[in-house]
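I have placed the structure first, in the form of structure tokens, so that the comments after it can refer back to it.
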Amino acid sequence: MERFTSFDFGLSGLSALFHEDWIHMGGVEEVVYSYLSVGEAPVADEAQQKEAAALERDVTELAGSSLSDGRIEMLFSMSTSWNYRFPGDETGRILLGRISRACRRWQAIYGCVPVEVDAAWSSQAVANEVCDVIAKTPLQLPGEFRRYFGSEVSELRDALDACVRSASADLAFRLLLRIHVANFIPVDHSAWVRYERIACRLALGEDLLSSLEFLSLDTDPRSN
């Protein structure tokens with residue numbers, strides 16, 4: 001089964017819009033509307049409707065997971081390259097609620113088409129492989145990680161692992177890729193090979209994985 005898009009999507013796709021100037025869009029809700037924008041068209045096409053459904057599904061799975069609000073905040077902050085700072089009275093689930101309500105308001109206007117789901121994407125074999133790559137991939141974290149969370153890379157690995165086990169392996173893997181891009185974290189050859197294999201198993205598009213190519217340390221050590 002193929003995905004509805006070859007690019008990133010859902011919560012990991014939305015996080016890319018929280019760039020340095022995102023605040024000029026307005027609030028979180030306006031960013032969601034911009035992400036799902038239909039431009040000048042009076043109606044949304046099926047791909048846009050599926051994008052909204054995928055975003056709603058990611059948010060619902062993460063909000064209903066066993067992850068603490070702190071871990072949700074960590075994952076979202078890192079996926080936005082620290083451009084989204086949680087106000088003192090906002091928790092991870094409050095943010096997810098804002099995104100979900102904005103998404104539902106959009107769907108009430110433009111309609112909703114369920115996004116395809118293949119049972120293989122949520123299989124235990126895929127979950128185990130994603131957990132293993134999370135545990136073993138070298139992650140050179142930016143200084144902001146320790147500055148805002150006072151934590152080491154093990155905290156990020158634990159949060160992603162918990163996302164796999166109690167939310168979605170698909171979402172956890174997409175967040176891992178997004179964190180690489182947002183924070184310019186290099187991808188060594190062994191990780192790249194495994195990322196390609198997992199992306200294939202999850203039927204993720206070529207454009208999503210190619211967004212990491214500039215970070216790839218693509219020299220195979222066996223060639224030396």
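Just so you know, these numbers use all the heavy atoms, side chains as well, and skip hydrogens, waters and symmetry mates. Quick caveat: nothing in here was measured; it's all calculated off a predicted structure.
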Donor-acceptor pair, [X] side chain versus [Y] backbone, under 3.5 Å?
X      : Y      : answer
Arg93  : Ala63  : yes
Ser81  : Ala182 : yes
Ser77  : Met74  : no
Arg174 : Gly13  : no
Ser123 : Ala120 : yes
Glu61  : Asp58  : no
Ser166 : Cys163 : no
Glu30  : Gly27  : yes
Ser210 : Asp207 : yes

Check the pair Glu90 / Glu73 against side-chain contact (heavy atoms from CB on, under 4.5 Å), numbers first and verdict last.
-> CA-CA 10 Å; Glu90 184 178 61; Glu73 292 158 24; over 6 Å; no

Below 3.5 Å, can you tabulate the donor-acceptor pairs from side chains in residues 105-114 to any protein atom, sequence neighbours excluded?
residue, atom, partner, partner atom, Å
Arg105, NE, Tyr33, OH, 2.8
Arg105, NH2, Tyr33, OH, 3.2
Trp106, NE1, Leu36, O, 3.1

Testing the basics here: between [X] and [Y], what is the closest heavy-atom pair and its distance to 0.1 Å?
X      : Y      : result
Cys103 : Val32  : N-CG1, 4.1 Å
Leu14  : Leu55  : CD2-CD1, 4.1 Å
Val31  : Met25  : CG2-SD, 3.8 Å
Arg201 : Ala125 : NH2-CB, 3.6 Å
Ser100 : Val59  : CB-CG1, 3.9 Å
Asp69  : Gly92  : OD1-N, 3.7 Å

To the nearest 0.5 Å, tell me how far [X] [atom1] sits from [Y] [atom2].
X      : Y      : atom1 : atom2 : value
Ile99  : Glu29  : CD1   : CD    : 9.0 Å
Leu160 : Glu155 : CG    : CD    : 11.5 Å
Cys131 : Phe173 : SG    : CZ    : 12.5 Å
Leu209 : Leu204 : CG    : CG    : 8.5 Å
Arg104 : Glu56  : CZ    : CD    : 5.5 Å
Leu75  : Leu175 : CG    : CG    : 6.0 Å

From CA spacing to verdict: side-chain contact (heavy atoms from CB on, under 4.5 Å), Asp170, Arg3 | CA-CA 12 Å; Asp170 177 12; Arg3 300 280 186 169; 3.1 Å; yes

With side chains defined as the heavy atoms from C-beta onward, is the minimum distance between [X] and [Y] less than 4.5 Å?
X      : Y      : answer
Ile179 : Leu156 : yes
Val181 : Leu177 : no
Val164 : Leu171 : no
Arg157 : Asp161 : no
Tyr35  : Glu51  : yes
Leu96  : Leu11  : yes
His180 : Thr137 : yes

Distance only, no hydrogens: is a donor on one side chain within 3.5 Å (strictly under) of an acceptor on the other, for Asp188 and Ser190?
-> yes

Are [X] and [Y] connected in the hydrophobic side-chain network, where two residues link if heavy atoms are under 4.5 Å apart?
X      : Y      : value
Ile23  : Ile94  : no
Leu215 : Ile185 : yes
Val153 : Leu67  : yes
Val193 : Leu176 : no
Val126 : Trp121 : yes

Across all chains, not counting sequence neighbours, the side-chain contact (heavy atoms from CB on, under 4.5 Å) partners of Pro186 are Gln140, Leu217

Apply side-chain contact (heavy atoms from CB on, under 4.5 Å) to Val133 and Arg197, showing your working.
-> CA-CA 11 Å; Val133 80; Arg197 183 167 64 246; over 6 Å; no

Tell me, yes or no, whether the heavy-atom count around Glu196 atom CD, taken from other residues, nucleotides or ligands under 6.0 Å, exceeds 12.
-> yes

Arg194 atom CZ: more than 12 heavy-atom contacts under 6.0 Å =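 Above 12, so yes.
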
Where does the angle between the aromatic ring planes of Tyr84 and Trp22 fall among parallel (under 30°), tilted (30 to 60°) and perpendicular (over 60°)?
-> tilted

Kindly indicate, with the supporting measurements, whether the criterion ring pair (Phe, Tyr, Trp, His ring centres under 6.0 Å) is fulfilled by Phe9 and Phe7.
-> CA-CA 6 Å; Phe9 58 89; Phe7 295 93; over 10 Å; no

